[in-house]
Amino acid sequence: MGSAGRGRGFHKTSSNTTFAMPGDEIMNGSGQNGRELTVLIARAMKDGKVTNKEFDEIMALANADEVIDVQERRLLSQLEQMIESDAVVRVSED
């Protein structure tokens, strides 16, 4: 994937891929849902895992207003990339 396809949320290094935490950038125009989504995704990134219930909560929150705005799309994309790279793993409830 070329640099045009990369989000600003992660940077490729010679040894590994590092991800910026949500909230590192100013959330222009995001409302309460965007802030709550940022908190949930930041928690998953910090923990290195997301339960199926948490993932469902993230998706429900993103879809709550029936519009996934640019900020929400960026956060969801970043979470998806981290799950695909195993930086965050999906786990079943304890």
Least distance between heavy atoms, [X] atom then [Y] atom:
X	Y	answer
Leu75	Gly34	CD1-O, 4.3 Å
Val67	Asp65	O-OD1, 2.6 Å
Ser92	Asn52	CA-ND2, 3.7 Å
Val50	Phe55	CG2-N, 3.6 Å
Val88	Ala44	CG2-O, 3.8 Å

Taking C-beta and beyond as the side chain, do [X] and [Y] meet within less than 4.5 Å on heavy atoms?
X	Y	value
Ile83	Glu80	no
Leu37	Ile41	yes
Leu40	Glu54	no

> CG of Asn63 to CD1 of Ile58: how many Å apart, nearest 0.5 Å?
Replying inline: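 One finds 12.0 Å between CG of Asn63 and CD1 of Ile58.
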[X] side chain vs [Y] backbone, donor-acceptor pair below 3.5 Å:
X	Y	answer
Arg73	Ile68	yes
Asp69	Glu72	yes
Asp47	Lys49	no

> Would Met59 and Met82 show up in the same hydrophobic cluster when neighbours are defined by side-chain heavy atoms closer than 4.5 Å?
Replying inline: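 Yes, it is one cluster - the side chains of Met59 and Met82 are joined through contacts under 4.5 Å.
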